[in-house]
Number of protein chains: 4
Amino acid sequence: MLEQLKREVYEANMLLPKYGLVTFTWGNVSGIDRESGLFVIKPSGVDYDKLTWEDMVVLDLDGNQVEGTMRPSSDTPTHLELYRNFPDMGGIVHTHSPWATSWAQAGRGIPCYGTTHADYMYGEIPCVRNLTKEEIEEAYEKNTGVLIAEHFKDKEYMAMPAVLCKNHGPFTWGKDAHEAVHNAVVLEEVAKMAARCEMINPEVQPAPQELQDKHYYRKHGAGAYYGQK
Amino acid sequence: MLEQLKREVYEANMLLPKYGLVTFTWGNVSGIDRESGLFVIKPSGVDYDKLTWEDMVVLDLDGNQVEGTMRPSSDTPTHLELYRNFPDMGGIVHTHSPWATSWAQAGRGIPCYGTTHADYMYGEIPCVRNLTKEEIEEAYEKNTGVLIAEHFKDKEYMAMPAVLCKNHGPFTWGKDAHEAVHNAVVLEEVAKMAARCEMINPEVQPAPQELQDKHYYRKHGAGAYYGQK
Amino acid sequence: MLEQLKREVYEANMLLPKYGLVTFTWGNVSGIDRESGLFVIKPSGVDYDKLTWEDMVVLDLDGNQVEGTMRPSSDTPTHLELYRNFPDMGGIVHTHSPWATSWAQAGRGIPCYGTTHADYMYGEIPCVRNLTKEEIEEAYEKNTGVLIAEHFKDKEYMAMPAVLCKNHGPFTWGKDAHEAVHNAVVLEEVAKMAARCEMINPEVQPAPQELQDKHYYRKHGAGAYYGQK
Amino acid sequence: MLEQLKREVYEANMLLPKYGLVTFTWGNVSGIDRESGLFVIKPSGVDYDKLTWEDMVVLDLDGNQVEGTMRPSSDTPTHLELYRNFPDMGGIVHTHSPWATSWAQAGRGIPCYGTTHADYMYGEIPCVRNLTKEEIEEAYEKNTGVLIAEHFKDKEYMAMPAVLCKNHGPFTWGKDAHEAVHNAVVLEEVAKMAARCEMINPEVQPAPQELQDKHYYRKHGAGAYYGQK
């Protein structure tokens with residue numbers, strides 16, 4: 001069942017240690033098959049060394065586990081909430097990648113200081129607030145998804161495929177699991193350069209809007225001309 | 001004698017270079033067999049490249065060397081003091097891992113700025129004071145252990161399995177040698193992100209208590225639901 | 001056609017990931033054959049893993065593609081403009097290498113703080129201004145080259161083989177593609193040490209002029225005595 | 001002639017890239033045979049990839065090249081001056097290792113903030129002044145050695161086997177080439193942690209003298225008890 005998707009999600013999970021985005025089991029990737037309404041996610045707390053594609057867990061959009069003997073990632077309710085709200089999301093990633101997590105811990109969004117950022121993400125990468133005590137107690141992981149969904153409601157969420165959760169860490173997404181990991185790598189690189197850039201010039205301002213536009217639309221939309229046709 | 005424990009402690013020692021926690025011989029791991037009251041520790045100043053499991057030194061809790069031809073780690077009296085005071089400690093690690101040591105040199109405890117920290121360690125990671133000149137002269141390594149023991153007396157030391165010794169470096173522990181190394185890796189990652197987080201936002205405050213609680217108890221105690229059963 | 005140059009430019013491109021200067025496809029190298037007036041450049045958006053020397057694209061100095069089925073790098077008009085203005089440039093590199101890009105995002109030139117810098121680059125590495133909205137809309141990549149050409153007009157551009165484009169990233173050059181990559185590595189190392197140096201001493205001043213001169217001319221010009229004859 | 005020493009110096013040179021202390025050819029190691037009064041040094045500007053032990057150059061203490069077809073390191077007169085002044089030096093290293101060079105560029109000595117430093121180097125690692133214009137013009141590399149020799153005159157130079165040259169980089173030494181490289185690694189690690197430590201606590205003070213003494217003498221002199229007998 002969904003063997004190809006399980007293989008894709010497994011491969012995407014294995015990119016996390018390859019790109020230095022995870023220590024131990026601190027990350028998870030999921031991917032969804034929109035036709036069947038089923039999504040596939042990493043099992044909870046399993047070492048990347050020991051992971052196989054058959055270990056991937058399959059769930060439906062009501063959160064019922066429909067395949068797999070292992071428990072899914074503890075962050076599954078966050079992924080679920082995002083898939084329910086955002087039909088264009090095909091893959092979702094959560095990590096504790098060090099630079100993005102440092103910004104999340106600092107409680108700050110990441111301003112767009114340059115074209116590396118603008119090539120992939122349009123505008124400031126948002127940092128959403130802490131959940132309240134009540135929201136945490138009621139349903140921590142689900143309400144993390146609800147909070148992200150509130151933020152992106154009526155926004156072009158595929159043009160800003162990343163969010164920081166305050167005192168926690170980042171989520172990224174894409175049209176599939178692979179692109180979601182790609183965006184997690186971009187986020188970490190952008191987070192690193194933004195921090196260093198502020199160290200080099202504490203008065204630094206975001207890049208001019210016209211430069212951000214140029215780079216974003218050079219790669220996205222009808223007028224894109226980057227890469228091969 | 002204690003072959004399995006010696007192998008485990010050897011394997012745990014070899015994780016230190018694997019995770020980038022040691023330069024040269026700047027670290028040591030021990031593990032204890034509570035039944036026999038014997039503990040096993042790395043020999044002093046031996047290169048990790050040349051270390052074998054048979055080199056591990058066995059001591060009793062009076063500090064008598066009961067096996068091994070090499071001298072034990074110069075930090076052995078610190079390990080001994082901790083094992084004598086804290087019955088749940090099954091393994092202990094000392095390193096000069098760079099970020100944790102930078103905090104120790106700075107003389108500051110590491111505030112809990114996020115869930116990566118809260119997942120493993122409950123509250124601020126303490127930094128204990130310098131030993132006095134008298135304490136150093138009397139018994140430096142033993143008194144390092146005495147000072148740590150004083151700090152954790154009547155505290156839940158397994159919920160805070162790490163300490164920084166001012167101007168020196170960290171010790172971590174766990175239920176066995178492997179878990180103690182795991183906590184040393186966590187500590188280094190947390191120390192790195194806390195320093196960068198303060199660089200990004202000098203006014204940063206610790207994570208809300210309810211978020212710290214949620215993450216700690218998601219992984220520990222009766223209500224834990226992270227990982228596989 | 002130009003097989004040797006294509007192989008050289010391919011090899012030079014492959015040095016970018018080797019030296020940690022690129023993530024994904026964020027960089028490109030070109031090299032020129034001054035006799036035929038043809039230059040060779042990486043195709044746009046192709047992964048380094050999949051690149052072969054036959055993929056290299058050949059263009060003339062009017063920007064006509066004379067060989068290759070793939071689209072050339074989107075930055076080709078910048079390379080073209082530089083080759084047209086500066087006859088001694090034999091190779092050009094563009095990357096988003098993290099430290100150099102952090103300075104570019106910060107909008108600052110890199111002062112010459114030491115001999116590592118002075119060994120290869122004479123004086124402060126310049127950071128050129130943002131293009132205006134009009135310049136971006138008219139011909140972004142070409143005008144990036146025009147702006148760099150304006151800056152270096154009447155300057156000894158081979159003694160300062162690097163420039164930062166504000167909010168974007170660096171370009172470097174050399175007598176051939178290999179040397180241009182070498183200078184990209186030097187730039188990244190120099191950018192890293194300059195940022196850390198300011199962190200260690202916020203009041204730091206550039207190295208004395210006589211020391212800069214000594215190191216630069218120890219390696220360049222008639223009086224050079226570094227290396228083998 | 002001196003085959004064993006050439007092999008040792010070659011091996012020591014090859015440790016520089018292994019430990020991440022050099023980019024390209026930015027470093028050199030020498031070793032001396034005090035009986036014959038001959039020393040061996042890396043040839044100038046040769047890639048580490050291509051270096052062989054037979055390439056090592058042999059010189060006497062008057063600076064005459066007595067073996068080897070290649071030119072010796074351009075820093076040879078500095079090494080020579082040090083060997084002439086300090087009879088206990090058996091090996092010398094020069095690098096542009098990034099953290100130590102950042103301190104040198106910042107023009108600051110490295111305070112002793114902790115036991116990692118005190119284990120190997122007694123007190124603050126000095127940063128010597130810039131040479132004057134006259135000293136540079138007269139004999140730059142030799143006068144670098146003269147300046148270092150002046151600083152360490154009447155000091156215990158084997159208890160502080162490292163120096164920073166302002167706006168340039170570090171030299172380290174030891175009883176042989178291998179120990180000199182070991183000290184270059186220690187210096188880089190100590191330089192990194194000192195910079196980060198000041199970032200974490202800008203008011204940080206050096207470690208208490210009694211702690212520095214304890215760690216230094218735990219490893220050095222008649223009362224040493226670290227390592228195996």
Side-chain angles (χ1 to χ4, degrees), chain A residues 22-27 43-47 50 55 57 69-76 94-111 127 129-137 139-141 143-144 164-169 191-192 194-199 202, chain B residues 15 18-21 97-99 110-120 124 174 178-179 181-220 223-229:
Chain A
V22 295
T23 299
F24 300 129
T25 60
W26 307 349
S44 181
V46 175
D47 279 348
K50 296 174 186 152
D55 293 335
V57 182
T69 54
M70 282 197 269
R71 292 204 284 200
S73 165
S74 57
D75 298 307
T76 298
H94 172 54
T95 75
H96 290 220
S97 68
W99 283 104
T101 301
S102 296
W103 281 88
Q105 292 190 163
R108 291 185 54 199
I110 305 176
C127 179
R129 66 167 170 83
N130 288 126
L131 294 177
T132 64
K133 197 172 178 189
E134 290 67 36
E135 290 166 330
I136 289 174
E137 285 172 2
Y140 172 62
E141 292 85 0
N143 284 334
T144 298
L164 306 177
C165 296
K166 189 164 185 296
N167 298 117
H168 183 32
K192 175 176 74 182
R196 289 176 175 172
C197 160
E198 294 190 349
M199 181 176 93
Chain B
L15 291 176
K18 179 184 165 188
Y19 282 110
L21 299 183
S97 67
W99 283 104
I110 306 177
C112 181
Y113 288 133
T115 61
T116 319
H117 180 138
D119 277 336
Y120 296 93
E124 177 168 317
H178 186 271
E179 190 180 278
V181 173
H182 192 286
N183 286 331
V185 176
V186 172
L187 172 63
E188 184 65 4
E189 200 67 15
V190 162
K192 177 175 74 182
M193 296 200 296
R196 290 176 175 171
C197 159
E198 295 190 348
M199 181 176 94
I200 292 167
N201 180 1
E203 309 301 318
V204 65
Q205 294 298 313
Q209 191 58 45
E210 56 269 18
L211 183 64
Q212 295 189 37
D213 287 350
K214 177 67 189 178
H215 270 263
Y216 190 76
Y217 293 111
R218 188 166 94 150
K219 284 198 157 186
H220 299 87
Y225 57 91
Y226 181 92
Q228 303 302 319
K229 278 171 207 167

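Each chain gets a letter, A, B and so on, in the order the sequences are listed, and its residues count up from 1.
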- [ ] Go through B:K214 and A:L131 one step at a time and tell me if the side chain to side chain contact (heavy atoms under 4.5 Å, CB included) criterion holds.
- [x] CA-CA 11 Å; B:K214 177 67 189 178; A:L131 294 177; over 6 Å; no

TODO: For B:L211 and A:I136, run side chain to side chain contact (heavy atoms under 4.5 Å, CB included): C-alpha distance rounded to whole Å, both residues' side-chain angles, the deciding distance at 0.1 Å, then the answer.
DONE: CA-CA 7 Å; B:L211 183 64; A:I136 289 174; 4.3 Å; yes

- [ ] Could you walk me through whether A:V46 and B:Q228 pass side chain to side chain contact (heavy atoms under 4.5 Å, CB included), step by step?
- [x] CA-CA 8 Å; A:V46 175; B:Q228 303 302 319; 4.1 Å; yes

Open item on the list: What verdict does the side chain to side chain contact (heavy atoms under 4.5 Å, CB included) test give for A:W26 and B:T115, after you've listed the backbone C-alpha separation in whole Å, the side-chain angles of each residue and the deciding distance to 0.1 Å?
Closed with: CA-CA 11 Å; A:W26 307 349; B:T115 61; over 6 Å; no

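The structure places CZ of B:R196 at 7.0 Å from CZ of A:R196, a figure rounded to the nearest 0.5 Å. The line from NE2 of B:H117 to OG1 of A:T101 is 14.5 Å long, rounded to the nearest 0.5 Å.
The neighbour count for B:H220 NE2, taken as heavy atoms of other residues, nucleotides or ligands under 6.0 Å away, is above 12.
Nearest heavy atom pair, residue B:Y113 against residue A:N167, reads O-ND2, 2.9 Å. The minimum heavy-atom distance linking B:Y225 with A:E141 is given by the pair OH-OE2, 2.6 Å.
Among B:V186, B:T116, B:N201, the residue with the largest count of heavy-atom pairs under 4.5 Å with chain A is B:T116. Ranking A:A104, A:S102, A:G45, A:S74 against chain B, the residue ahead of the rest is A:S102, based on heavy-atom pairs under 4.5 Å. Each of A:G169, A:P43, A:A194, A:S44 has some count of heavy-atom pairs under 4.5 Å with chain B, and the biggest count is that of A:S44. The candidate with the highest count of non-hydrogen atom pairs below 4.5 Å against chain B, out of A:E137, A:H168, A:M199, is A:H168.
For a residue to count as touching a neighbouring chain, one of its non-hydrogen atoms must lie under 4.5 Å from one of that chain's; by this rule B:D213 does not touch chain A. For A:S73, no part lies near chain B; criterion is any non-hydrogen pair under 4.5 Å. Only the side chain of B:E189 comes within contact range of chain A, with at least one heavy atom under 4.5 Å from a heavy atom of that chain. With a 4.5 Å cut-off on non-hydrogen atoms, A:E134 does not touch chain B at all.
With A:Y140 as the fixed residue, the side chain to side chain donor-acceptor pair (under 3.5 Å) test singles out one of B:H215, B:R218, B:E210: B:H215.
A donor-acceptor pair is defined here as one N or O able to donate and one able to accept, closer than 3.5 Å; such a pair exists between the side chain of A:R108 and the backbone of B:I200.
Ring geometry for A:F24 against B:H182 counts as parallel: the plane angle stays under 30°, on a 0 to 90° scale with 60° as the upper cut.
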